[in-house]
Amino acid sequence: MLPKKISNDLIRGHTDTIVLNLLNQQDSYGYEIYKKILQLSDGQYELKEATLYTAFRRLEKEDLITSYWGDETQGGRRKYYQLTDEGKERYYQNKRDWEFAKEILNKLIEGGS
């Protein structure tokens, strides 16, 4: 039996919050975030590279994250991303919104029977 994967439609709209959450924990670079999402979802969700880098550009344009170049001694230089104060505020607001939506959806999908 193939491992079950979550629908991209269910995740769409939450990509920014996922990225903000991971950057709230520590500065990181694209591939590391990609791997962390796979790990946290037990391989059930893969955020495509194009989607991830589009999110980085959008979040940076909105001043929710900033970027800087790392100074790796081995391999190529990596572009790291970090959360701004405004990004941290947005993450916590999005998290509150998610909790509220989850509560309402739970009532609508499981309630009334």
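We number each residue from 1, following the sequence as shown.
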For R12, what residues pass the side-chain hydrogen bond (donor to acceptor under 3.5 Å, both in side chains) criterion, not counting sequence neighbours?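 R12 satisfies side-chain hydrogen bond (donor to acceptor under 3.5 Å, both in side chains) with D9 once adjacent residues are dropped.
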To check you understand the geometry: which heavy-atom pair defines the closest contact between [X] and [Y], and what is its length?
X   : Y   : answer
R77 : G70 : NE-O, 3.5 Å
S28 : I33 : OG-CG1, 3.5 Å
S41 : L38 : OG-O, 3.3 Å
L52 : G30 : CD2-O, 3.4 Å

Nearest 0.5 Å, please: how far is [atom2] in [Y] from [atom1] in [X]?
X   : Y   : atom1 : atom2 : value
I18 : T51 : CD1   : OG1   : 11.0 Å
I11 : Q44 : CD1   : CD    : 10.0 Å
L47 : I37 : CG    : CD1   : 4.5 Å
Q39 : D42 : CD    : CG    : 8.5 Å

Residue pairs passing the salt bridge (Lys or Arg N to Asp or Glu O under 4.0 Å) test where at least one lies in [range], sequence neighbours excluded:
range          : value
residues 44-54 : E46-K48
residues 79-94 : E62-R90
residues 18-38 : none

Could you check whether any side-chain heavy atom of [X] comes within less than 4.5 Å of a side-chain heavy atom of [Y], counting everything from C-beta outward?
X   : Y   : result
T17 : W98 : no
V19 : I65 : no
L59 : L23 : no
Y92 : N24 : yes

Can you tell me how the ring of F56 sits relative to the ring of Y81, calling it parallel under 30°, perpendicular over 60° and tilted otherwise?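 Plane angle under 30°, so parallel.
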Please work out whether the ring planes of Y80 and Y68 are parallel, tilted or perpendicular, with thresholds of 30° and 60°.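 The rings of Y80 and Y68 lie parallel, inter-plane angle below 30°.
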Salt bridge (charged side-chain N to carboxylate O under 4.0 Å, His left out) involving R58 - partner list, sequence neighbours excluded: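 By the salt bridge (charged side-chain N to carboxylate O under 4.0 Å, His left out) rule, R58 matches D16.
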With a cutoff of under 4.5 Å between side-chain heavy atoms, which Ile, Leu, Val, Met, Phe, Trp and Tyr residues group with I104?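 F100, L108, listed by chain and number.
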Between E99 and K102, is there a salt bridge with N-O shorter than 4.0 Å?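 Counted as a salt bridge, because a side-chain N and a carboxylate O are separated by less than 4.0 Å.
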